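Whatever order the structure lists them in is the order used to number ligands and atoms, beginning at 1. Numbering starts at 1 and runs along the sequence shown. Keep in mind that this is a model prediction, so the values were computed, not measured.
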Amino acid sequence: MRRVEESRLMSQSEGHIVLLAPLTGPVVPLANVPDPVFSGGMFGDGIGVDPLEGRLVAPCDGVVTHLARTGHAVTLTSAEGAEILLHIGIDTVELNGKGFAPMVEQGAHVRAGDVLIEFDQDQIALNAPSLVSVIAIANSDAFEVVERAQGGLLKAGETPLLVLRARDGAAADASRQLSATKVMEEARQQVTLIHAGGLHARPAARAREAARGFDARVEVRYEGRKAAIESVVGLLGLGAGEGATVELLGVGPQAQAAVDAIARELTRETHGEVEEKPARQSSPAPQAVARPAGEALAPNTLAGVSAAPGIAVGKLVRWDDADIDPPEQASGTSAAESRLLDKAIATVDADLDTTVRDASQRGAVGEAGIFAVHRVLLEDPTLLDAARDLISLGKSAGFAWREAIRAQIGILSKVEDALLAERAADLRDIDKRVLRALGYTNAAARTLPEEAVLAAEEFTPSDLSSLDRSRVTALVMARGGATSHAAILARQAGIPALVAVGDALHAIPPGTQVVVNANTGRLEFAPTELDVERARLERSRLADVREANRRTSQQAAVTADGRAIEVAANIATLDDAKAAVDNGADAVGLLRTELLFIHRAAAPTTDEHRQSYQAIVDALSGRTAIIRTLDVGADKEVDYLTLPPEPNPALGLRGIRLAQVRPDLLDDQLRGLLAVQPLGAVRILLPMVTDVGELVRIRKRIDELASEAGRTEPIEVGVMIEVPSAALLADQLAQHADFLSIGTNDLTQYTLAMDRCQADLAAQADGLHPAVLRLIAAAVQGADKHGKWVGVCGALAGDPLAMPLLVGLGVTELSVDPVSVPGIKARVRNLDYQLCRQRAQDALALESAQAVRAASRETWPLD
Ligand code: PEP
Ligand code: MG
């Protein structure tokens with residue numbers, strides 16, 4: 001009786017559910033429960049009790065919808081549909097049932113006050129972190145707690161503890177239907193982040209994907225901070241860098257499966273990510289321009305880090321988006337503002353989708369990856385919820401969006417991990433895009449003078465994609481890093497760029513004339529006329545040289561003493577093929593086919609292969625194309641192929657080895673290749689060959705497929721020399737191959753045991769190392785024995801200090817980036833082959849790459 005009276009005192013209204021204390025003991029507010037899963041409300045709203053007796057009773061009438069196998073927890077569903085989780089002690093699942101004696105079975109109908117579980121307090125207190133127990137409303141979305149006991153000693157089955165109210169009838173009904181099948185689980189796991197850069201945008205986005213489809217809520221916790229797995233922004237804000245150990249906490253019927261999937265994703269090796277690390281194939285990593293200790297800067301000069309080389313003179317223009325200033329108050333209703341925001345976000349999302357597709361088609365892997373992450377940020381629940389909250393307070397859509405973004409940028413700016421902090425630039429980017437889609441514009445964007453040197457705290461990728469590049473002569477940033485996306489894009493666009501110039505940049509008044517020397521990492525403001533003159537002269541000298549080289553680029557490259565060198569282009573797309581022709585490439589020396597299909601969800605079909613290669617061959621107007629079979633693996637991941645996890649992907653299933661596990665992929669590609677007309681325009685190149693057995697097997701397969709296709713004319717097959725074994729066995733390979741093509745990027749990596757994607761080793765992993773040169777020499781000698789020619793398609797071929805030595809070692813084809821073709825051809829024409837031979841032999845005897853570089857510079861100075 002007393003129980004009923006007290007219930008009335010606690011709540012007078014109809015339709016409320018009164019829960020009695022299921023345990024005897026003092027109240028512990030939920031926030032004080034010593035377990036973040038409960039105190040953070042992941043199991044729902046509720047309350048704690050510190051039990052003084054070992055008896056858990058039903059807090060109301062209901063059905064036992066779940067009884068933990070280990071007897072430490074039970075879920076009771078009331079007639080109204082409220083799901084009440086009763087959890088004895090903390091981390092007691094670990095006790096595996098010891099000390100717990102369930103007194104009911106799952107499915108049992110119980111009355112308030114019936115004993116559900118008896119437990120041995122002493123045993124549990126000794127073996128678990130805490131005896132504090134929790135009563136949580138698992139479907140808090142359908143039932144809210146309207147009153148709760150404030151303190152004092154609770155008596156099991158007697159003292160009212162919580163009063164619940166259904167949030168709305170429909171929710172309660174739905175929840176009741178669901179509850180019949182739901183089994184609440186909790187799961188937790190510690191995970192040490194192995195991704196380079198930690199929980200940055202790409203792994204965060206992938207972890208979010210991994211959690212999709214599971215009926216569970218998962219939070220990631222790190223150093224007292226927490227973020228829901230759906231929020232990439234929240235995950236970035238954790239500041240969990242590489243090597244950090246985060247905790248995954250899952251709650252829900254599929255909590256364990258969700259946590260497992262996320263943990264798998266976070267501990268999966270990814271083989272070099274284009275987002276944070278520029279893909280080696282796109283451009284060399286930027287070099288920090290180290291200032292020798294004690295070197296004083298010239299007056300009016302700031303030092304920065306070179307992100308993209310070049311020299312520029314121009315007027316400083318502030319690019320920052322201060323001008324976009326949306327009004328704070330909404331002009332329409334909250335609902336109308338909310339719709340405006342949704343529409344703007346949808347517009348931006350569609351634009352980004354197009355950008356990602358275009359970039360993928362062009363083979364611009366880095367760019368595609370960057371904007372794909374922006375799409376994920378755009379639907380981030382943390383941002384959207386914050387913006388909607390502000391809109392409901394009467395703020396305009398633009399203001400709400402901007403504030404939501406700023407709050408997250410504020411969090412990221414406190415993160416110590418530089419790589420994660422750089423992601424603030426991505427948030428600024430989607431901030432601006434959405435504001436533009438809402439109709440706000442940036443005045444500065446429209447009024448660029450000629451020769452604008454754009455200055456900003458930091459550029460965002462979309463700044464660069466929307467720039468009028470004909471007016472922009474250089475980019476300078478107060479912050480930013482070599483790995484920032486803007487830096488990657490600036491390099492790809494060929495705009496000289498300096499990053500990390502510091503706050504002093506902002507002190508330079510807009511309109512000031514500046515000289516940017518991104519080669520030396522200097523920004524000179526208000527320069528003397530003489531300085532400007534010098535910089536202009538140097539810039540125009542370099543431009544003249546480029547122009548003169550272009551004029552002769554369509555002619556063959558022959559050394560002064562008559563040795564012909566074919567200068568070909570490395571390409572990845574149809575656009576590249578056109579650029580190769582424009583720049584005078586004699587042929588295509590390497591088509592990286594994996595990049596042509598990198599962002600696809602499914603492997604290309606035979607016909608897709610054929611069409612792509614045919615279009616490229618047609619664009620080459622009679623020039624030959626060396627088409628390399630798919631070189632997937634290591635630092636080149638493709639979405640359509642999940643390779644088995646490997647401890648050392650660079651030493652694993654990559655290149656031609658993939659055919660061992662997926663011969664169908666190679667067959668489809670070869671069939672496509674063999675269907676291209678005229679077949680004589682195509683040569684096939686096999687990547688990562690280690691010995692002659694591999695070559696012979698694949699050559700046989702090519703012959704079979706060719707005869708299946710009814711082709712009788714022979715097709716040339718070449719081998720990449722990318723691993724030391726292939727260089728050493730070049731004579732054997734050359735017996736069965738028509739030509740050899742040296743991949744110096746990988747040959748350097750495997751010879752020096754230095755990861756080509758490891759920024760710290762970038763300076764040391766130099767292909768001019770005498771050991772690499774000796775392997776190149778061995779490869780040429782091996783090929784010579786069988787009268788086969790040797791080319792180089794790695795980055796060394798386009799290195800002005802390396803190419804004279806390659807020529808001297810007997811290489812007759814250099815395959816370089818399309819834009820480098822004119823310069824390399826011009827340089828070949830200035831070479832004397834006999835001198836090259838001598839110097840190359842001398843280089844083989846030197847002791848370091850630096851010594852080789854110095855010797856080469858002395859003989860063949862740079863322009
Ligand atoms: C190389 O390894 O030098 C090469 C040309 O191949 P990739 O850079 O595509 O691995
Ligand atoms: Mg390679």
Checklist entry - Side chain of N648, backbone of L651: donor and acceptor closer than 3.5 Å? => result no

Checklist outcome for this item: Going by the 4.0 angstrom heavy-atom rule, the piece of R628 near ligand 1 is side chain

Item to check | Proximity to ligand 1 by part of L590, non-hydrogen separation under 4.0 Å | outcome: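 Only the side chain of L590 comes within reach of ligand 1.
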
Checklist entry - Do NZ/NE/NH1/NH2 and the carboxylate oxygens of R853 and D799 come within less than 4.0 Å? => result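 Salt bridge flag = yes for D799 with R853.
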
Item to check | Salt bridge present between D576 and R592 (N-O < 4.0 angstrom) | outcome: no

Checklist entry - Please walk me through it: do R699 and D738 pass salt bridge (charged side-chain N to carboxylate O under 4.0 Å, His left out)? => result CA-CA 11 Å; R699 193 144 200 161; D738 295 297; 3.2 Å; yes

Checklist entry - Have R628 and S741 got a donor and an acceptor in their side chains that come within less than 3.5 Å? => result no

Item to check | 2.8 Å cut-off met by an N, O or S atom of D631 to the Mg ion (ligand 2) | outcome: no

Next on the checklist: Which atom name would you report as the N, O or S atom of E722 nearest the Mg ion (ligand 2)?
Outcome noted: OE2

Item to check | Which atom of D746 approaches the Mg ion (ligand 2) most closely (N/O/S) | outcome: OD2

Checklist entry - Between D746 and ligand 1, does any nitrogen or oxygen pair lie at a separation below 3.5 Å? => result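 Yes, there is a polar N/O contact under 3.5 Å.
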
Checklist entry - Is the count of non-hydrogen atoms from other residues, nucleotides or ligands lying under 6.0 Å from R563 atom CZ greater than 12? => result yes

Checklist entry - Which of these, L685, N570, N745, has its nearest heavy atom closest to atom 4 (C) of ligand 1? => result N745

Item to check | Ligand-residue contact atoms, ligand 1 with C793, heavy atoms, under 4.0 Å | outcome: 5 (C)

